[in-house]
Asker: 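Below are the structure tokens for one structure; questions will follow.
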Amino acid sequence: MSERIEWHDEADVLGVRVRAWFFDPVQTALLANPVLQLLPMLSDAPPKPHSPLAQRSSHSVGCLTAQPDAVLVHGDGLLCLTHKGGDARLHELAHWQRDLRADAMLQAIAHAMAVAGQQQRPTVALWRATNVVYQFDPSPPVLECLATHIGAARHYWNEPVAINPAQLARFCEPRLRALPGLAQSAATLSG
Amino acid sequence: MIQVQIASQLTRRGVSGLRWVLVENGDAAAAPAPAPAQRLADAAESAAQAPGNNARATVSLTLLRAATLALGLVAAGWSASLVLGKARSTGSAPPPASARPLPAAASPPPSASQTPAAAPLLTAGPP
């Protein structure tokens, strides 16, 4: 059996390689394993929760503190999943790039950075909507932009100790859109 | 700096393909930006600590100390002369001008009733 996941679609969005896996939310809700309800494409080897699913653990790197919805152990690495707080709209396979919000994508990457920094393990950034799971593979410029603007974002938001991924994402999104190489892929996002 | 590893690939049994980036440590990032005055002080301090300026700063400091010491000695001597002069004036020294009686020219003209008794002798000329 191939280890590779057959993603339904993928594209470059704002300097991030986004892979999408669509599923039927009604069928998925009937699965017994709560982890598979969140990530139905990993039915062959379901990840193990790093901390109880009902408990949102806090992870920090530098002045960035995140509380992802779930952190899962998957082989040698971790999966950082955010799914709460998103809208309840069904994303369409043909127009998912229009439905995907840039701030949600950047927040998911920032969450994964905090988890990876604290746990010192390679981490995948995932975001789950009602009927689709997105995996985000940020390019080096995107990672560098997020990592190097944590301090500036903290000053901008006037936070004495730390900022959260939403604040970092809102601070960095216009800067990413202004990067010359990313402007073309940014045009597909409504923001 | 803290290393952050983001996996680029998700497979059915694990993760693969690492991208990494460095994040500034929380202590350094949390330190507030220095105020302009503090920045100026730091700049002056760093300039004074430069190797070329070190000997010049030492010489200036020595001269400044010597000048301060000399000024203190002069002030002490002046204060002592004032105190000793006052003590001399209250002892064997003649009274100061303000303590002496006014000269005759400065006194008001005597009235007729206050004319001394020897005055007729003075006005009487020789025979």
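Every chain is numbered from 1 and lettered A, B, ... according to where its sequence line falls, protein lines coming before strand lines. The figures here come from the full heavy-atom set of this structure, side chains too, leaving out hydrogens, waters and symmetry mates.
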Asker: Side chain, backbone, both or neither: which part of Pro138(A) has a heavy atom under 4.5 Å from chain B?
Answerer: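 Both parts, heavy atoms under 4.5 Å.
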Asker: Give, for atom CZ of Arg19(A) and atom CD of Gln9(B), the distance between the pair rounded to the nearest 0.5 Å.
Answerer: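 Nearest 0.5 Å value for the CZ-CD distance: 4.5 Å.
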Asker: Specify the closest pair of heavy atoms between Ile2(B) and Gly62(A), including all atoms of both residues, with the distance to one decimal.
Answerer: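 Smallest heavy-atom distance, with atoms named: CD1-N, 3.8 Å.
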Asker: Using heavy-atom distances under 4.5 Å, tell me whether Leu146(A) contacts chain B through its side chain, its backbone, both, or neither.
Answerer: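 Contact with chain B: none, neither part.
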Asker: Where the side chain of His74(A) meets the backbone of Leu10(B), is there a donor-acceptor pair that is under 3.5 Å apart?
Answerer: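 Not confirmed, His74(A) side chain does not pair with Leu10(B) backbone.
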Asker: Using a 3.5 Å distance criterion without hydrogens, assess whether the side chain of Gln120(A) forms a donor-acceptor pair with backbone atoms of Gln3(B).
Answerer: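 Answer holds: yes.
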Asker: Testing the basics here: between Val21(B) and Glu144(A), what is the closest heavy-atom pair and its distance to 0.1 Å?
Answerer: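 Taking every non-hydrogen atom into account, CG2-CA, 4.1 Å.
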Asker: Around atom CG of Asp76(A), are there more than 12 heavy atoms of other residues, nucleotides or ligands at under 6.0 Å?
Answerer: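 No, because the 6.0 Å sphere around CG of Asp76(A) holds 12 heavy atoms or fewer from other groups.
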Asker: Check whether more than 12 heavy atoms from other residues, nucleotides or ligands sit under 6.0 Å from atom CH2 of Trp157(A), and answer yes or no.
Answerer: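 Yes, CH2 of Trp157(A) has more than 12 neighbouring heavy atoms, counting only those of other groups under 6.0 Å.
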Asker: List the atom of Val23(B), the atom of Ala147(A), and the distance in Å for their closest heavy-atom pair.
Answerer: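 Heavy atoms only, the tightest pair is CG2-CB, 3.9 Å.
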Asker: Using 0.5 Å steps for rounding, measure from the OG atom of Ser8(B) to the CD atom of Gln135(A).
Answerer: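 With rounding to 0.5 Å, OG (Ser8(B)) is 7.5 Å from CD (Gln135(A)).
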Asker: Measure Ala112(A) against the heavy atoms of chain B and call it side chain, backbone, both or neither at under 4.5 Å.
Answerer: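 When you check distances to chain B, atoms from both the backbone and side chain of Ala112(A) fall under 4.5 Å.
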Asker: In this structure, would Met113(A) and Leu81(A) fall into the same cluster of hydrophobic residues linked by side-chain contacts under 4.5 Å?
Answerer: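 No, because Met113(A) and Leu81(A) fall into different hydrophobic clusters, even though each may have its own neighbours under 4.5 Å.
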Asker: Side chains of Glu24(B) and Ile150(A), heavy atoms from C-beta outward: is any pair under 4.5 Å?
Answerer: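 No, side chains not in contact.
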Asker: Identify which part of Ile6(B) has an atom lying under 4.5 Å from any heavy atom of chain A, answering side chain, backbone, both or neither.
Answerer: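 Both the backbone and the side chain of Ile6(B) come within 4.5 Å of chain A.
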Asker: Less than 4.0 angstrom from a charged side-chain N to a carboxylate O is my criterion; do Arg13(B) and Glu3(A) meet it?
Answerer: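 Yes, Arg13(B) and Glu3(A) are salt-bridged.
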Asker: Flag yes if Leu18(B) and Val15(B) sit in one hydrophobic cluster, no otherwise; membership is Ile, Leu, Val, Met, Phe, Trp, Tyr, and two members link when side-chain heavy atoms are under 4.5 Å apart.
Answerer: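 Not linked; separate clusters.
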Asker: Where does Leu42(A) contact chain B at under 4.5 Å (heavy atoms): side chain, backbone, both or neither?
Answerer: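 For Leu42(A), the contact with chain B is made by the side chain alone.
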Asker: Going from CD1 on Ile5(A) to CZ on Arg12(B), what distance comes out if it is rounded to the nearest 0.5 angstrom?
Answerer: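 These two atoms lie 6.0 Å from each other.
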Asker: Could you state whether Leu168(A) and Val16(A) fall into the same hydrophobic cluster, counting links through intermediate Ile, Leu, Val, Met, Phe, Trp or Tyr residues with side-chain heavy atoms under 4.5 angstrom apart?
Answerer: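 Yes; tracing contacts between hydrophobic side chains, which count when under 4.5 Å, links both residues.
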Asker: Side chain from CB out, backbone as N, CA, C, O: work out which of these in Leu126(A) comes under 4.5 Å of a heavy atom of chain B, or both, or neither.
Answerer: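 Contact with chain B is through the side chain of Leu126(A) alone.
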Asker: So which residue, Thr148(A), Leu78(A), Val124(A), ends up with the most heavy-atom pairs under 4.5 Å with chain B?
Answerer: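 So the answer, after comparing Thr148(A), Leu78(A), Val124(A), is Val124(A).
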Asker: Do Phe22(A) and Val133(A) sit in the same hydrophobic cluster, where Ile, Leu, Val, Met, Phe, Trp and Tyr count as joined when their side-chain heavy atoms come under 4.5 Å apart?
Answerer: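 In one cluster: no.
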Asker: Which pair of non-hydrogen atoms, one from Ala116(A) and one from Val4(B), has the smallest distance, and what is that distance?
Answerer: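 Ala116(A) and Val4(B) have their closest heavy atoms at CB-CG1, 3.9 Å.
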Asker: Take atom CD in Glu92(A); do more than 12 heavy atoms of anything else shown fall under 6.0 Å from it?
Answerer: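 Counting neighbours around CD of Glu92(A), more than 12 heavy atoms of other residues, nucleotides or ligands fall under 6.0 Å, so yes.
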Asker: Within a reach of under 6.0 Å around CZ of Arg56(A), are more than 12 heavy atoms found that belong to other residues, nucleotides or ligands?
Answerer: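 Yes, because the 6.0 Å sphere around CZ of Arg56(A) holds more than 12 heavy atoms from other groups.
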Asker: Would you say Leu90(A) and Val18(A) are hydrophobically clustered, going by side-chain heavy atoms of ILVMFWY under 4.5 Å?
Answerer: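 In one cluster: no.
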Asker: With the side chain counted from C-beta on, respond yes when Pro140(A) and Arg19(B) share a heavy-atom pair under 4.5 Å apart, and no when they do not.
Answerer: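 Side chain of Pro140(A) against side chain of Arg19(B), heavy atoms only: contact under 4.5 Å found.
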